[in-house]
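This one's a predicted model, so the numbers in the text were calculated from it and none came from an experiment. Just so you know, these numbers use all the heavy atoms, side chains as well, and skip hydrogens, waters and symmetry mates.
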Amino acid sequence: MAADLSGRAALITGAASGIGRASAIAFAAAGASVALVDIDAEGLADTAEAARAPGSRAEALVADVTDLRQVSDAVARAVEVFGRLDAAHNNAGVPGPYVPLDEYEEEDFMRVLQVDLAGVWRCMRAEIRHMRAQRSGAIVNTSSMLGAAAI
């Protein structure tokens, strides 16, 4: 039996496709209102349409997790729209090139760090501030399997 998340609000990053999209649809199907965050406006609109379920709302918020202001604004907007933030799924991520380490360019490495690592920190920083104020909340961060493997 699925959890009943009626009256709850969740924020999902990387929500335009893949795991983030599936997460958004699952939260909405369980009754949660969802704030969808991604840099892909078209994909967000599609996910928002798919996530709209009876008793839940979907708010598409275009934001780049590499920008602290955009992340803070997106989280604040979610709280403004839904009145709370009960859950977050930090899922935004980018793949780097699949090359041996000694062939990896610094620009590619820094891009992956800015989205996959620092992006999660930026999101958690903003989310925790709201969750701490309401004295509740849960956060799930998606990680890559490549963190446990060598090329």
When rounded to the nearest 0.5 angstrom, what is the spacing between [atom1] in [X] and [atom2] in [Y]?
X	Y	atom1	atom2	result
Asp116	Thr142	CG	OG1	10.5 Å
Asn141	Trp121	CG	CH2	13.5 Å
Cys123	Ile128	SG	CD1	11.0 Å
Asp64	Asp40	CG	CG	12.0 Å
Leu61	Leu44	CG	CG	8.0 Å
Thr47	Glu42	OG1	CD	11.0 Å

Open item on the list: Quick one, Arg57 with Val81, criterion side-chain contact (heavy atoms from CB on, under 4.5 Å). Give me CA distance, side-chain angles, the key distance, then yes/no.
Closed with: CA-CA 10 Å; Arg57 295 168 51 199; Val81 168; 3.1 Å; yes
More than 12 foreign heavy atoms under 6.0 Å from [atom1] of [X]: is that the case here?
X	atom1	result
Glu107	CD	no
Arg21	CZ	yes
Glu80	CD	yes
Leu113	CG	yes

[X] side chain to [Y] backbone, donor-acceptor under 3.5 Å:
X	Y	answer
Asp86	Ala9	yes
Glu59	Leu36	no
Asp38	Ala15	yes
Arg52	Ala58	yes

Write down the atom of [X], the atom of [Y], and the distance for their closest heavy-atom approach.
X	Y	answer
Ala30	Ala3	CB-O, 3.3 Å
Ala63	Ala74	CB-CB, 4.1 Å
Ile12	Ala24	CD1-CA, 3.9 Å

Under 4.0 Å between a Lys/Arg side-chain N and an Asp/Glu carboxylate O for Arg69 and Asp67?
no
Would you sort out whether Gln114 and Arg122 count as a side-chain contact (heavy atoms from CB on, under 4.5 Å), showing the intermediate values?
-> CA-CA 10 Å; Gln114 283 299 313; Arg122 289 180 193 97; 2.5 Å; yes
- [ ] Would you check, one step at a time, whether the test side-chain contact (heavy atoms from CB on, under 4.5 Å) holds for Arg111 with Thr66?
- [x] CA-CA 9 Å; Arg111 174 76 178 144; Thr66 68; 3.5 Å; yes
What verdict does the side-chain contact (heavy atoms from CB on, under 4.5 Å) test give for Met124 and Glu127, after you've listed the backbone C-alpha separation in whole Å, the side-chain angles of each residue and the deciding distance to 0.1 Å?
CA-CA 5 Å; Met124 289 182 66; Glu127 295 156 357; 4.1 Å; yes
Would you say His89 and Thr13 are linked by a side-chain donor-acceptor pair, where the criterion is simply a distance under 3.5 Å?
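Distance-only check fails for Thr13 and His89.
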Q.
With heavy-atom distances below 4.5 Å as the criterion, would you say the side chains of Arg125 and Leu68 are in contact?
A. yes
